[in-house]
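Not measured: the values here are computed from a predicted model.
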Amino acid sequence: MTIVESDNEGFFQIELEPGNYSLFVKEDGKFYSNLFDSNGIFPVYIELDKVSEVRFDITYKATF
């Protein structure tokens, strides 16, 4: 497991080896993710020598 903190605007960056990863937010000791498919929980594929941009909308405290 690799952990990285975002800044106050939510920006984060990390260098990872190529491969498949799952993305989670941890807040108040609890993990959150809001995207699931047949490849896993919030799947992100990292390619060699490429930058991957991910938008992760945190909606668990949202009111509609």
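- Side-chain contact between Leu23 and Val54 is present, with heavy atoms from C-beta onward closer than 4.5 Å.
- Linking Ile, Leu, Val, Met, Phe, Trp and Tyr residues whenever their side-chain heavy atoms come within less than 4.5 Å leaves Ile41 and Tyr21 in two separate clusters.
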### Message
Applying side-chain contact (heavy atoms from CB on, under 4.5 Å) to Phe31 and Val25, what does each step give before you reach the verdict?
### Response
CA-CA 6 Å; Phe31 288 97; Val25 169; over 6 Å; no
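- Rounding to the nearest 0.5 angstrom, the gap separating the NZ atom in Lys26 from the CD atom in Glu5 is 10.5 Å.
- Between Lys61 and Asp28, the shortest heavy-atom distance links the atoms NZ-OD2, 4.2 Å.
- Residue Val51 is not grouped with residue Ile14 when hydrophobic side chains (ILVMFWY) are merged at heavy-atom distances under 4.5 angstrom, including chains of intermediate members.
- Between Thr59 and Tyr32 the shortest heavy-atom distance is OG1-OH, 2.8 Å.
- For the atom pair CG of Asp7 and CD of Gln13, the computed distance is 9.5 Å after rounding to the nearest 0.5 Å.
- Both Phe36 and Phe24 sit in one connected hydrophobic cluster of ILVMFWY residues. Membership requires side-chain heavy atoms under 4.5 Å apart, directly or through other members.
- With contacts defined as side-chain heavy-atom distances shorter than 4.5 Å, the pair Phe56/Phe12 does not qualify.
- Hydrophobic clustering (ILVMFWY, side-chain heavy atoms < 4.5 Å, transitive): Phe11 and Ile46 are in distinct clusters.
- Taking hydrophobic clusters as Ile, Leu, Val, Met, Phe, Trp and Tyr residues chained together by side-chain heavy-atom distances below 4.5 Å, Ile3 does not share a cluster with Ile58.
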